[in-house]
Visitor: 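One structure, as structure tokens, below. Some questions next.
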Amino acid sequence: MSGLLHVDEDEIGGVHIKYLLHCPRQLWLYSRGYRPEQGSDLVAFGEAVDETSYARQREVDLGAAKIDWVTTGAVVHETKSSRAPSEQHAAQVRHYCLLLERRGVTVRGGVLHYPVIRRTVQVPWNAVARESALEADHGARTVIGLPAPPPRLPRPQCRGCSFTDYCWGD
Ligand code: SF4
């Protein structure tokens, strides 16, 4: 069908899920190759934390999605530079659990690591979590397949978004 972007199973990654939950328009723009955050200090900081905090952990590459490592029993670990645990982070981990399960791996659950605040958060993997992951996966595909970008969020909700220049012309 013209105007629709075909998305293979592996092309939905953790970033897609994060953007979907933050703003569908952000996901749509990202899926079209828009990358305003590449020069962001915040992103650079996050990558630095990823590189230094768990440098000796094995990284597993699931195509578009990356996870920090998988321990025995398939526990998905993900490191965040944020100071605040969020539902977006948990949704990303659930998505990685889903990707692993689709490859026949028995997944026990996930753990979010916040080295800056020295905290970990458990992310259960069960029927409810699987349903939530499937819904997010479907939602991301639906947004990416839209022929035009979804509307902007109300301006106050755009504060701090790296796509602000593009959406608002600031
Ligand atoms: S600036 Fe606002 S509307 Fe644009 S992608 Fe970011 S959150 Fe969405």
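First listed ligand is number 1; within each ligand, the first listed atom is number 1. Source: prediction; values computed, not measured.
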Visitor: For Pro151, give me all partners under side chain to side chain contact (heavy atoms under 4.5 Å, CB included), at least two apart in sequence or on another chain.
Guide: none

Visitor: Any chance you could measure Leu27, atom CG, to Ile144, atom CD1, to the nearest 0.5 Å?
Guide: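 That separation rounds to 4.5 Å.
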
Visitor: Answer yes when Arg102 and Asp137 have at least one side-chain N-carboxylate O distance shorter than 4.0 Å, and no when they do not.
Guide: yes

Visitor: Taking side chain to side chain contact (heavy atoms under 4.5 Å, CB included) as the definition, give me every residue that meets it alongside Cys23, ordered by chain and number, with sequence neighbours left out.
Guide: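 In terms of side chain to side chain contact (heavy atoms under 4.5 Å, CB included), with neighbours along the sequence ignored, Cys23 is linked to Arg25, Gln26, Leu153.
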
Visitor: So how far is it from Tyr34 OH to Cys167 SG, rounded to the nearest 0.5 Å?
Guide: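 If we round to the nearest 0.5 Å, Tyr34:OH and Cys167:SG are 8.0 Å apart.
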
Visitor: Using 2.8 Å as the cut-off, note every protein N, O or S atom close to atom 2 (Fe) of ligand 1.
Guide: Cys158 SG

Visitor: Identify, with sequence neighbours excluded, every residue that meets side chain to side chain contact (heavy atoms under 4.5 Å, CB included) alongside Glu101.
Guide: Val107, Trp125, Arg130

Visitor: For ligand 1, which atoms sit closer than 4.0 Å to a heavy atom of His22?
Guide: 7 (S)

